[in-house]
**Q** 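Please read through the structure below; I'll follow up with questions.
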Amino acid sequence: MTSALAPIASSEKVGQIRAVCFDIDDTLVDYVTSSRRGLAALVGHDDAWPLWERVTEMQLARYLAGEVDYETMRRERTRAFFAELGVELADSELEEREELRVAAMRAAWEVYEDVWPCLDWLRAAGLRIAAITNASGPLQRMKIADLGLAEVFDHVIIAGELGVAKPDPAIFHTASVALGLPPEQVMHVGDRLDVDAVGARDAGMHGVWLDRGDTHAEVPQGVLAIATLDELPEALVCDVAPVGT
Ligand SMILES: [Mg+2]
């Protein structure tokens, strides 16, 4: 499908913004679809998706709080998930099934079709690009590499590696420092209104909510909402730049 992007702008046209940070899951990569595919490999179907999401959130919070290491988190998550289904599995089987889940998920990782045209535009406009993600670490690095995104990002900030997660301003400021730019010269784009857009705004960045579901929910002051990344160049050229110039 062809992109509806505006012509490339020169860097001076994008005002004070010098870098754009992106969330990864459900912003650049269709996380839900690939994770459901992984769940189907783990348990034979993906009917228990809400349960898997709940267990993941709980175990990920323990990992981000430093209570458990990465491998323990993954093992405990699978064990807790099966326990909720009333199934007790031996460690070896848990491990085997987890491997199947990861393989199925990896095979299903895909970027949305508006991602590469947008990233190419940003590069051509002379902007730097970074990732700020609340994932755990190793798998996220693998995903970024698998999808060819590793070369695109000047910096990748991962909550599991840093020990701080969005919307804590510290993770946004870490990105800012890595980019060598003050927060007001950085835009952050993500699919979660609270965690991404409002978090970035409160850290002094330009917070952009990527509302892929086009929900038209109420958008707080100081946050820009877009429904597709095709809208980002225009937002940079027309909407955001005048605010800071
Ligand atoms: Mg996300």
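Position 1 is the first residue of the sequence, and the numbers go up from there. Read the numbers this way: they start at 1 and go in the same order the structure lists the ligands and their atoms.
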**Q** Donor-acceptor pair, distance only, cut-off 3.5 Å: does the side chain of Arg123 make one with the backbone of Val152?
**A** yes

**Q** Looking at Asp23, which of its N, O or S atoms is the nearest one to the Mg ion (ligand 1)?
**A** OD2

**Q** Would you indicate whether the side-chain heavy atoms of Arg141 and Glu161 approach each other to under 4.5 Å?
**A** yes

**Q** With the Mg ion (ligand 1) as the point of reference, which N/O/S atom of Asp25 is the closest?
**A** O

**Q** Salt-bridge test for Arg192 and Asp26: reply yes if a basic N is under 4.0 Å from a carboxylate O, no otherwise.
**A** no

**Q** Do Ile171 and Val156 share a hydrophobic cluster, counting only Ile, Leu, Val, Met, Phe, Trp and Tyr and linking them when any side-chain heavy atoms are less than 4.5 Å apart?
**A** no

**Q** For the Mg ion (ligand 1), find the closest N/O/S atom on Asp191 and give its atom name.
**A** OD1

